[in-house]
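Only one structure is covered here, and it is reproduced in the block below.
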Amino acid sequence: MSEYKTTIGIEVHCELKTNSKMFSDSINNYGGVANTNINEIDFALPGTLPTINEYGIELGIKAALALNCEINKKVMFDRKNYYYPDLPKGYQITQARNPIGVNGYVEIEVDGEKKKVRIHDIHLEEDTCKSTHAETKSYLDFNRNGVPLLEIVTEPDMNSDKEAMAYLEKLRELLLYTNVSDCKMEEGSMRCDVNISVSDSTILGTRTETKNIGSISSVGRCIISESKRQIEEIEKGNKINDETRRFDEKQDRTILMRIKETGNDYRYFPEPDLPSFMIEDSLIEKVKNNMEVLPEERRKKYREAGIQEINIEKIIVNKQISDYLLDIDANLVIASNLLLGEVSAYLNK
C-alpha cells in the first residue's frame with residue numbers, strides 16, 4: 001500500500017459582534033423570536049437600498065491585523081448569484097474580488113513543532129437564513145439573514161487532524177480576544193468548511209469540501225474519516241470527484257451532497273447598490289490603537305511573572321480572569337492561584 005499524504009485547507013465563517021446587520025439596521029440578536037429581526041432591505045424589496053455597517057468594516061480591519069494580513073484599502077462588494085431557500089434575495093452580498101485582508105498567517109504548535117498556516121484572504125459578507133430540518137419539512141428563520149460574516153480562507157498548509165484543530169483553536173482564541181466574534185459554535189456563529197485531498201506523490205490530489213462542521217473536534221474526526229475514504233477509493237482504482245459533502249457525526253463519515261460548483265456558476269458582478277470606497281489610514285490607526293492585548297503577549301507576561309504553564313492556559317481560556325490579571329497591581333502568581341482556585345470555586349458554587 002502506498003504512503004499517502006493528506007492536504008487540508010479550511011474556510012471559517014464567523015458572525016461579527018455588531019448590534020445590527022451588515023447592510024440594514026435590523027437587530028443582530030441570536031435567540032430572538034423567529035422571523036422578527038427582519039426588514040424590507042433584508043429581502044431587497046423594490047425601492048430599498050442597502051447601506052454598509054461601518055462597525056462591521058472596523059471589525060474586518062481588526063481581524064486582518066490580528067491575523068497578520070495586508071489590509072486592502074479599497075472596499076468593494078460583489079453579488080454572488082444562486083438560488084436556495086435560505087437566500088431570500090436570490091444573491092449574497094460578498095467580497096469576491098476585493099477581500100479586506102490578504103496574505104496573512106496564524107502560527108500553530110503541534111507536538112513541539114511550530115508552523116505557520118497561511119491565510120489566503122479574509123472577506124466580509126452577509127449570512128443566510130437559519131435552516132431547521134424536520135422529517136418531512138424544513139423551517140427558515142430569517143433573523144440570521146444579513147448578519148455580518150467574516151470568511152477566513154487558508155492556503156492548503158495543514159496535513160493532519162491535529163494541525164487543523166490547532167489552527168482552529170488558535171483562530172478562535174484570536175477572534176474571541178479581539179471581540180470580533182463570540183465564536184459560539186453551538187449557536188452557529190463559527191462554522192467550518194474543510195477541503196481535503198490525499199495523494200501518494202508531490203502532486204495534490206482532487207479535493208472534496210465538507211460543509212458546515214459544527215465543532216473543532218468534529219473537524220478532526222471528519223479529516224480522519226474523509227482521508228480514509230479517499231484512500232480506499234484510490235486503492236480500488238476509483239477516481240476522486242470534486243464534490244461537496246457533509247459530515248454525519250453519528251455515522252462518523254462524510255456523505256455526498258452535490259457535485260462541486262465552480263466560480264462561474266455564481267455569476268459574480270460588482271454590487272450595483274453599494275459604491276466602492278477607500279479605507280483611510282486614520283481608521284486603520286484608530287483600530288490598531290484600540291486593539292486588545294492578544295493571547296501570545298499575555299502568555300509572555302504570565303511566563304515572565306512565574307506562573308506555571310498549566311495555569312497560563314487556564315487563564316487564557318477564561319478571558320475575564322485574563323483581563324483582570326492584565327490590570328491588577330499585585331503578585332501575579334498569588335493572584336492567579338486565588339482566582340483559579342478559591343475564587344473560581346466560590347463562583348461555581
Side-chain angles (χ1 to χ4, degrees), residues 11-53 56 77-96 123-152 181-194 209-215 218 222 243-250 254-261 265-268 271 273-274:
E11 300 165 18
V12 170
H13 295 81
C14 65
E15 293 181 355
L16 302 183
K17 288 178 69 173
T18 58
N19 291 326
S20 58
K21 295 185 179 180
M22 192 64 210
F23 302 110
S24 82
D25 60 359
S26 294
I27 296 172
N28 175 12
N29 177 33
Y30 177 84
V33 176
N35 297 314
T36 55
N37 300 333
I38 52 176
N39 66 16
E40 298 85 351
I41 296 172
D42 300 327
F43 287 95
L45 296 184
T48 61
L49 290 172
T51 54
I52 298 172
N53 186 327
F77 287 92
D78 302 277
R79 283 192 186 181
K80 179 181 182 180
N81 299 274
Y82 66 98
Y83 174 77
Y84 202 72
D86 66 2
L87 196 67
K89 292 187 288 194
Y91 62 86
Q92 179 190 37
I93 303 177
T94 183
Q95 290 184 313
H123 57 268
L124 295 163
E125 57 189 22
E126 58 181 343
D127 210 343
T128 59
C129 299
K130 181 181 179 181
S131 302
T132 304
H133 305 288
E135 289 185 5
T136 59
K137 296 181 180 179
S138 293
Y139 301 90
L140 294 173
D141 182 357
F142 287 85
N143 286 354
R144 200 178 75 180
N145 174 51
V147 166
L149 271 186
L150 186 72
E151 181 171 355
I152 302 162
S181 174
D182 60 21
C183 296
K184 294 179 180 178
M185 300 188 80
E186 69 278 5
E187 295 180 1
S189 63
M190 180 177 171
R191 311 188 292 276
C192 306
D193 300 341
V194 183
E209 181 179 30
T210 306
K211 301 284 285 186
N212 291 328
I213 304 175
S215 73
S218 292
C222 170
E243 57 195 23
T244 300
R245 306 180 70 86
R246 67 178 178 86
F247 182 60
D248 188 314
E249 297 198 10
K250 291 181 179 178
T254 65
I255 297 171
L256 176 66
M257 292 174 65
R258 57 186 179 268
I259 301 300
K260 187 70 178 167
E261 301 95 341
D265 292 333
Y266 294 125
R267 305 187 320 279
Y268 288 105
E271 168 56 60
D273 292 335
L274 291 170

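On a predicted model such as this, the values are computed, not experimentally measured, just so you know. We're numbering straight along the sequence, starting at 1.
- Gln95 contributes atom CD, which lies 12.0 Å from atom CG of Leu149 (distance to the nearest 0.5 angstrom).
- Within the 4.5 Å cutoff, no side-chain heavy atoms of Asn143 are placed close to those of Lys130.
- Atoms OG1 and CZ, from Thr36 and Phe142 in turn, are 12.5 Å apart once rounded to the nearest 0.5 Å.
- Considering all non-hydrogen atoms of both residues, Phe43 and Ile38 come closest at CE1-CD1, 3.9 Å.
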Leu274/Phe23 under side chain to side chain contact (heavy atoms under 4.5 Å, CB included): CA gap, chis, key distance, verdict: CA-CA 10 Å; Leu274 291 170; Phe23 302 110; 3.6 Å; yes
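- Taking CG of Asp25 as the start and CG of Asn19 as the end, the distance is 12.0 Å to the nearest 0.5 Å.
- Pairing each heavy atom of Ile41 with each of Asn39, the nearest pair is N-OD1, 3.0 Å.
- In this structure, Arg79 and Lys89 have side chains that are not in contact, with every pair of non-hydrogen atoms separated by 4.5 Å or more.
- Side-chain contact between Thr254 and Cys222: present, with at least one pair of heavy atoms (C-beta onward) separated by less than 4.5 Å.
- A 4.5 Å side-chain heavy-atom check between Met185 and Cys192 finds at least one atom pair inside the cut-off.
- For the pair Glu151/Glu11, a side-chain contact is recorded, criterion being any heavy-atom separation below 4.5 Å from C-beta on.
- Taking the side chain as every heavy atom from C-beta outward, Asn212 and Asp193 approach each other to under 4.5 Å.
- Asp78 places a side-chain N or O within donor-acceptor distance of the main-chain N or O of Ala96, the cut-off being under 3.5 Å.
- For Tyr84, the OH atom counts as loosely surrounded, since its 6.0 Å shell holds 12 or fewer non-hydrogen atoms of other residues, nucleotides or ligands.
- The side-chain heavy atoms of Phe77 and Ile52, taken from C-beta on, include a pair separated by under 4.5 Å.
- Distance check, rounded to the nearest 0.5 Å: CZ of Arg258 to NZ of Lys211 gives 6.5 Å.
- Within the 4.5 Å cutoff, side-chain heavy atoms of Glu271 are placed close to those of Tyr91.
- For Asn145 against Pro88, the heavy-atom pair with the smallest separation is ND2-CG, 3.5 Å.
- Residue Ser26 comes nearest to Asp42 through the heavy atom pair OG-OD2, 2.7 Å, listed as atom of the first residue, atom of the second, then distance.
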Please step through side chain to side chain contact (heavy atoms under 4.5 Å, CB included) for the pair Thr94 and Tyr268, ending with a clear verdict. CA-CA 9 Å; Thr94 183; Tyr268 288 105; 4.0 Å; yes
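- Not one N or O on the side chain of Arg245 forms a donor-acceptor pair closer than 3.5 Å with the backbone of Met257.
- Salt-bridge annotation for Lys184 and Glu15: absent, with no side-chain N of the basic residue lying under 4.0 Å from a carboxylate O of the acidic one.
- Just one residue in the list Arg191, Lys21, Gln92 forms a side chain to side chain donor-acceptor pair (under 3.5 Å) with Asp127, and that residue is Arg191.
- For the pair Leu140 and Ser131, the tightest heavy-atom approach, listed with the atom from each and the gap, is CD2-OG, 3.5 Å.
- In this structure, CD1 in Ile93 is found 13.5 Å from NZ in Lys80, a value given to the nearest 0.5 Å.
- Asp182 places no side-chain N or O within donor-acceptor distance of the main-chain N or O of Ser189, the cut-off being under 3.5 Å.
- Formation of a donor-acceptor pair under 3.5 Å by the Asp141 side chain with backbone atoms of Gly32 is not found in this model.
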Could you walk me through whether Leu150 and Leu124 satisfy the side chain to side chain contact (heavy atoms under 4.5 Å, CB included) test, starting with their C-alpha distance in whole Å, then the side-chain angles of each, then the deciding distance to 0.1 Å, before giving a yes or no? CA-CA 5 Å; Leu150 186 72; Leu124 295 163; 3.8 Å; yes
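- In this structure, the separation between CD1 on Ile213 and CE on Met190 is 11.5 Å, given to the nearest 0.5 Å.
- The environment of CD1 in Ile27 is sparse: at most 12 heavy-atom neighbours from other residues, nucleotides or ligands sit within 6.0 Å.
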